[in-house]
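These notes concern the structure reproduced below.
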Amino acid sequence: MKESLSRSLTPFIIQISLALLAFTVRQIGIEAPSITQDESTMVLFAKGVLERGYPFITQRFDEFLISTYELVPYPIAFSMWLHGGFSEAAVRYPASLFATGTTLLIYRFGVNLFDQRTGFFAALTFALLPWAIYWGSNAFYPSQLQFFALSFIMVVHKILYDKNVSAKWFYISFLVYIPTYLSWEGSGFILPVVFITALLLRWGQWHWLLNLHSWLAGTLLIFLVVSQLTYRTLMREPFNSVFGGGRSEISFASLGLSKVNFDPLYYFISSTSESHVLLTLLFLGGLIFNRKDWHLRYLHTIILISIATITLLLGFYSLRYIFFLLPLVCLAAATTTIHFADRITTNLGDARSLFTVKLAKILIIGGLLINFLLVSTPWGVRPLELMERFQKNRPNELRPDLRGFGFRSVITALQNNFRPGDVVLTQASFPHTLYTGTTGDYYLQNIGIASIFFHPNSKLAYIDKWIGNPVLRSKAELEEVLANSKRVWFAQAPNSHSNIDDDLYNFVTTRMKMVDESFDGSLYLWVNPAMQQSKAIMSSSNTE
């Protein structure tokens, strides 16, 4: 009786422990990093939800309705409502909750596909991996997308694997895909990926295709995608960029091979991090077990086809685009570990005994787990990271030692020193608006990096794509603003100045005085010498 009760309680205790661990590590220092540009976008849309019930942003001349990430602002708005307003922790709680939910899904998927050992190993890996912790404490979409995408992939697995699957699962797949697609429209790539996977793994077994419910659910999926893309196109029509471009300009797939920046190895190279070395090796090592393990073959196929599809059909590259695949990688790596341990112990020969087998498995699995904890967690050792070539071009999301862009400290310094009549040039309009409640005055850009739009009511004809500030597009326009202003602030974060050329950047930084600097942000001030001199003369005349 006691043994039976212990067995029934063990999975429950494991899941509670994993959930607490995943949530706790994501709460450590969650308020420390400044809100990023992407996070501030979602938070401002969330404020629109609290104000009117739907996500919108008020710009200088227009209101901008959300046309992608449609569902992301709602959990953030609810969290802000519960916590009485904006704070870094409040807007990031939903991401932590989604990450905790993903941890539990990984455990359940691992148990259903393989066994309890696999589920625990995979879930523990995800709970402590720096990449997963970063997005699990960030208010942008990846954590929410990952939870729903994994749910969808789990449902598709059941449909393909179970030949007598109930009709309800086809419609469940549609219901689960709705929040997946409306968390990020790029997840539309998952549909052709799972279809190709089905063809490859179930060729000749057409129970999943020769089913009326499959076609009805598929029709609903296509209708959802087409409807959202149509809505996005209509909403963005008034904001078609005149100059510049960016990821937000992409509404449909574009052949990556036709782009000058096509890089077939981007996602493999960009994800190289000491935290992922062991995980990657185990994932690749699992290919040798594919022939005899259909479940593992399903994971590998989804991962590899997804990476190939996103590389070939997205004109822009970002490591977060493949973040939704991380749970599958963790599961594949855990499965490989268990297979490896089982393979070794089954070859112990006549000398093996039950005790020897158990001890060998514990040593193998425990050794790999200890190595993972030593190497693949934010608190582990990373000797390779001390080498300069491993530090260059490393995305922030793979560097747990980095705090992110210093928007907050730079903007706080600006608020503390601002005087009525001062002019503010912003490079990050949304964080500036979020932290100050003001929009700034101008946006500086003379390289076509970000989209800018023509607007007949703007005094400089062009406005930025975020708040709608007039755009200074040349040194001459900047000099005119300087000449007609007493004091001009330039809030720059990050310090890469990617949207202004070196000549203009050197002009700004040499003519203006740096008054504050953060990890990756700077605040400059320019005081008009002519107006200062005029003020001094007037003061002298009044004295006489």
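All values derive from a computational prediction rather than experimental measurement. In this chain, residues are counted from 1 in sequence order.
- The one candidate from T436, L414, V488 that meets the side-chain contact (heavy atoms from CB on, under 4.5 Å) condition with V424 is L414.
- Formation of a donor-acceptor pair under 3.5 Å by the R26 side chain with backbone atoms of L97 is not found in this model.
- The closest donor-acceptor contact from the side chain of S143 to the backbone of A139 lies at 3.5 Å or more, if one exists at all.
- Side-chain contact, E70 with Q228: a donor N or O sits under 3.5 Å from an acceptor N or O.
- Taking the centre of each ring, W184 and F324 stay at or above the 6.0 Å mark.
- Side-chain contact between K47 and E51: absent, with no pair of heavy atoms (C-beta onward) separated by less than 4.5 Å.
- Every residue two or more places apart in sequence or in another chain that forms a side-chain contact (heavy atoms from CB on, under 4.5 Å) with A127 is listed here: L21, A22, T103.
- Counting heavy atoms from C-beta outward, F45 and T41 have side chains that approach closer than 4.5 Å.
- Checked against side-chain hydrogen bond (donor to acceptor under 3.5 Å, both in side chains), T412 has no partners two or more places apart in sequence or in another chain.
- Here T439 pairs with R60, T433, I467, N469 under the side-chain contact (heavy atoms from CB on, under 4.5 Å) rule; sequence neighbours left out.
- Residues satisfying the salt bridge (charged side-chain N to carboxylate O under 4.0 Å, His left out) criterion with K513, sequence neighbours excluded, are absent altogether.
- Side-chain contact between W489 and W526 is absent, with no heavy-atom pair separated by less than 4.5 Å.
- Aromatic ring pairs are classed by plane angle as parallel below 30°, tilted from 30° to 60° and perpendicular above 60°; the pair W131 and F323 is perpendicular.
- S474 places a side-chain N or O within donor-acceptor distance of the main-chain N or O of E477, the cut-off being under 3.5 Å.
- To the nearest 0.5 Å, the span separating CD1 on I322 from OG on S306 amounts to 9.5 Å.
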message = Please evaluate residues F148 and F98 with respect to the criterion ring pair (Phe, Tyr, Trp, His ring centres under 6.0 Å), reporting the C-alpha separation (whole Å), side-chain torsions for both, the decisive distance (0.1 Å), and the verdict.
response = CA-CA 9 Å; F148 290 116; F98 279 117; 5.7 Å; yes
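- Ring geometry for Y54 against F56 counts as tilted: the plane angle lies between 30° and 60°, on a 0 to 90° scale.
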task = Take H300 and F283, measure what ring pair (Phe, Tyr, Trp, His ring centres under 6.0 Å) needs, and give me the verdict at the end.
result = CA-CA 8 Å; H300 278 129; F283 167 74; 4.7 Å; yes
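- With sequence neighbours excluded, the residues satisfying side-chain hydrogen bond (donor to acceptor under 3.5 Å, both in side chains) with S96 are Q27.
- Put simply, the side chain of S173 never gets that close to the backbone of V155: no donor and acceptor are under 3.5 Å apart.
- Of all non-hydrogen atoms in E185 and S67, the two that sit nearest each other are OE1-O, 4.1 Å.
- At least one donor-acceptor pair under 3.5 Å links the side chain of D422 to the backbone N or O of R419.
- For F223, there are no ring pair (Phe, Tyr, Trp, His ring centres under 6.0 Å) partners, not counting sequence neighbours.
- Take R92 and apply the salt bridge (charged side-chain N to carboxylate O under 4.0 Å, His left out) test, not counting sequence neighbours, and it matches E39.
- Every residue was checked against the side-chain hydrogen bond (donor to acceptor under 3.5 Å, both in side chains) condition with Y93, not counting sequence neighbours, and none meets it.
- Between Y69 and F140, the distance from one ring center to the other falls under 6.0 angstrom.
- Taken from CG in L182 to CG in L224, the straight-line distance is 5.5 Å, to the nearest 0.5 Å.
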ask   = Can you check side-chain contact (heavy atoms from CB on, under 4.5 Å) on Q146 and L325, steps first, answer last?
value = CA-CA 8 Å; Q146 187 178 66; L325 297 171; over 6 Å; no
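- Remark: the backbone N or O of S79 is paired with a side-chain donor or acceptor of H83 at under 3.5 angstrom.
- With sequence neighbours left out, Q415 forms a side-chain hydrogen bond (donor to acceptor under 3.5 Å, both in side chains) with no residue at all.
- For the ring pair (Phe, Tyr, Trp, His ring centres under 6.0 Å) test, residues two or more places apart in sequence or in another chain that qualify with H157 are F109, Y161, W294, H295, Y298.
- Q144 and S183 are linked by a side-chain donor-acceptor pair at a separation below 3.5 angstrom, with hydrogens and angles left out of the test.
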Audit row: Y524, L425, side-chain contact (heavy atoms from CB on, under 4.5 Å) steps and yes/no = CA-CA 10 Å; Y524 294 91; L425 312 179; over 6 Å; no
Derivation and outcome, side-chain contact (heavy atoms from CB on, under 4.5 Å), residues F407 and I35 = CA-CA 7 Å; F407 295 122; I35 292 292; over 6 Å; no
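- Side-chain atoms of L478 and F507, non-hydrogen and from C-beta on, do get closer than 4.5 Å to each other.
- Within the 4.5 Å cutoff, side-chain heavy atoms of L105 are placed close to those of S151.
- Among residues two or more places apart in sequence or in another chain, the ring pair (Phe, Tyr, Trp, His ring centres under 6.0 Å) test is passed with Y74 by none.
- Evaluation of the ring pair (Phe, Tyr, Trp, His ring centres under 6.0 Å) rule for F78 yields W81 as partners, not counting sequence neighbours.
- Residues L444 and L472 come closest through the heavy atom pair CD1-O, 3.6 Å.
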V515/N417 under side-chain contact (heavy atoms from CB on, under 4.5 Å): CA gap, chis, key distance, verdict = CA-CA 10 Å; V515 296; N417 294 278; 5.6 Å; no
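- The CD1 atom of I153 lies 5.5 Å from the CD1 atom of I190; values are rounded to the nearest 0.5 Å.
- Closest approach of C330 to T125, counting heavy atoms only: SG-CG2, 3.9 Å.
- In this structure, the side chains of T311 and Y266 stay at 4.5 Å or more apart for every pair of heavy atoms.
- Contact record, P55 with V49: N-CG2, 3.6 Å, taken as the closest heavy-atom pair.
- In plain terms, the two heavy atoms of P94 and P75 that are nearest each other are CG-O, 3.5 Å.
- Put simply, CG on D38 and CZ on F430 are 10.5 Å apart, with the number rounded to the nearest 0.5 Å.
- By the 4.5 Å heavy-atom criterion applied to side chains, V156 and F152 are counted as neighbours.
- Aromatic ring orientation, Y267 versus Y317: perpendicular (interplanar angle above 60°, classes split at 30° and 60°).
- The closest side-chain heavy-atom distance from M514 to T509 is not below 4.5 Å.
- Checking side-chain atoms of N138 against main-chain N and O of Y134 turns up no donor-acceptor pair under 3.5 Å.
- Note that CZ of F86 and CG of L44 are 9.0 Å apart. Values are rounded to the nearest 0.5 Å.
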request  = Mind running salt bridge (charged side-chain N to carboxylate O under 4.0 Å, His left out) on E63 and R52 for me, showing each step along the way?
outcome  = CA-CA 13 Å; E63 285 186 352; R52 298 186 190 172; 2.6 Å; yes
